[in-house]
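Take a look at the structure set out below.
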Amino acid sequence: MKNYLYPSFVIVFITMLSFSCSKKPAEPLPFGAVPTEHQVTWQQMEYYMFIHFGPNTFTDVEWGNGKEDPKIFQPTNLDCRQWAATAKEAGMKGIIITAKHHDGFCLWPSNYSTHTIRESGWKEGKGDILKELSEACKEYGLKFGVYLSPWDRNHVSYGTPEYNQIFANTLTEVLSNYGDIFEQWFDGANGENEEGKKQIYDWDLFNNIVYTKQPQAIIFSDVGPGCRWIGNEKGYAGETNWSTLNTAGFEPGLKAPSSDILNTGNINGEFWVPGEADVSIRPGWFYSPSTDDKVKTVDELMNIYYASVGHNCNLLLNVPPDRTGRIHKNDSIRLMEFRDARNKVFGTNLAADAKIAASNTRGNHDAYSPNNLVDNNYNSYWATDDNVLSATLEIDLGEAKIFNCLSLQEYIPLGQRIADFSVEYYNEKTNIWDKLVSGTTIGYKRILRFPTISTSRLKININKSLACPTLSCIELFKAPEELFAPIIRRNKEGYVSLLSHIKDMNIYYTTDGTTPERTSKKYIEPIFLPGKGIIKAITVNDMTNDQSEVASEVYDIAPIKWQITPTSAEGVIDGIKTSFVDIDKKESIIINLGEVLNLKGFTYSPLNDIQAPNVFRYNFYISDDGKSWYKLKNNSTFDNIKNNPIDQRVLFDKTIKTSYIKFEPIEITSDSKTYTIAEIGVISE
Ligand code: FUL
């Protein structure tokens, strides 16, 4: 027999032929619960706008009680096209509006309520915001969705069996008259009416109406069925985030799975119920003039983006229109800055021309080639043979590239499979593969950040997959190094410190409300600010001229003269919101203000943690001598503090004179023997 020695190009050619000409192996079988086509389309929207608008916009509360005079709803310059144009420009794909919040007020002239936009008299009772907004969304190529709260603090039937049918009729009305709805947002809140009556919601009835009227709509609730709440109102999904969830025995609201489970989903969960992170661009959900200075910074929004979209979760960002009926300029400017920041990071995929080799490719066939990972097409993917549950992808970038961000995407129509992965890079100085980063789930999208490196080669090890892994996309990015805004802190003695995250950076500040620049005052030592005032500050890298965003804090009177009882609660008046005190539930706190003050209200800072035993219901008293007390607030509530534990501002009906204040807890957000306070402050005249 003759021995043939094939030249190497012939071998390569034969290998290529065998790679591409053999019969295409069948697609991997779907694994576990898989998304519907509509859920895949929904997931690909990634980012869209929430709008909270209604009587609360005009009353400065988070939960209206339903007794507000509808006439207070008077936007002077409402423009739904401005909302839609803003969302479009911001890169959002749709808008979901609070058609009816807990106060029961309907933003359309509903036939099933007497507490609606019709009764407000706005546009002579002929207005219909759902009509205006659905049309604006169509014009701007955005999808339209509606939030409806079954909890209704206005409707007379709430708390009776008839109410479920009334809510069903209301829902039918909304889903019949405003075109296609991409998402039906059901708030699980199940509060009481005035007589303390609660409603047992008929979720099957409600869901069936959506299935009939808008079959493509994704139903949001704590347990889906279309998508689920992510377990907090901060916009953060778990690093481990399964789109699958066990829902048997659970219901939206009080009977929902724990917030920890909602945050991560269930591995091998029975149903496909992907996460949606809802968060407001301001501290509260509704507009308040007091938060014009509190619009989240680009850094905060970027962190939210990485923790939502980057954690296999859609981002529903609330942008509440103001009292004119328009999105305030502070919010819209921030949205555009946020868009620019995302474009800066994700604009150039440094892996676009990479060559990728896989340790295993399904049937050795081109159809599942690792090249699919960089072909810019989500629907083509790399997969392994059925019995191969771990694999390595080696990425050759051709030349050394500098990057600090990696995005991976699984092909979710076949289910979520990958449970553990790690990334290594080739250290060209030591000629060793070094560990870079690791993770658990990937899902539709997982974005990882790490310290900036330079390399031409990268390895992705899929260490554990529930079934043969699939991956659609690999992308690499170089995010600009961030220069964070300074931290502003005032102590009990009234001295304000400005702290930089990085050593040797200079800080410049103003105290007159103007935007600080490099020519402003340079921070050298703590600034004495015992009374009211505003501090704005920036961090500057004097070498590069780069500057951070502006940090700002508005202060009232510093607690210099204050004394607190019990003395163990001193942390409540130390000026530091990150420190907190746990106090026995039966014990009130009393503050001796050390002088007579004219007060317009007070502030309560809870611990910003959804599990913390913060105060929900309270009494508030004042006194001249610390002995005889006058009750100023009776059985009052900090609405929505359980889900959104942010600073609370309580205004009194009129300015009062007092030397002592007393805060008495009545109901705590969790089942605990103690309650938590981070700070108590005053709003002085
Ligand atoms: C919660 C509500 O209670 C809040 O007011 C807000 O609407 C938020 C999005 O959902 O359950």
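Just so you know, ligand 1 is whichever comes first in the structure, and atom 1 is the first atom listed for that ligand.
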Strictly under 6.0 Å, is that where the ring centroids of Phe580 and Tyr675 end up?
-> no
At a 4.0 angstrom heavy-atom cut-off, what protein residues surround ligand 1?
-> Phe50, His52, Trp63, His101, His102, Tyr147, Trp185, Asp187, Glu233, Asp278, Trp285, Asn640
Less than 3.5 Å apart, which donor and acceptor atoms pair up between the side chains of residues 219-226 and the rest of the protein, not counting sequence neighbours?
unit_1, atom_1, unit_2, atom_2, d
Ser221, OG, Val223, N, 3.0
Ser221, OG, Gly224, N, 3.1
Ser221, OG, Gly224, O, 2.6
Asp222, OD2, Gly253, N, 2.6

Could you tell me whether Trp203 and Phe186 have their ring centroids closer than 6.0 angstrom?
-> yes
Centroid-centroid distance, Phe182 to Phe144, less than 6.0 Å = no
Tyr287/His52 aromatic ring centres below 6.0 Å = no
Trp242/Trp272 aromatic ring centres below 6.0 Å | no
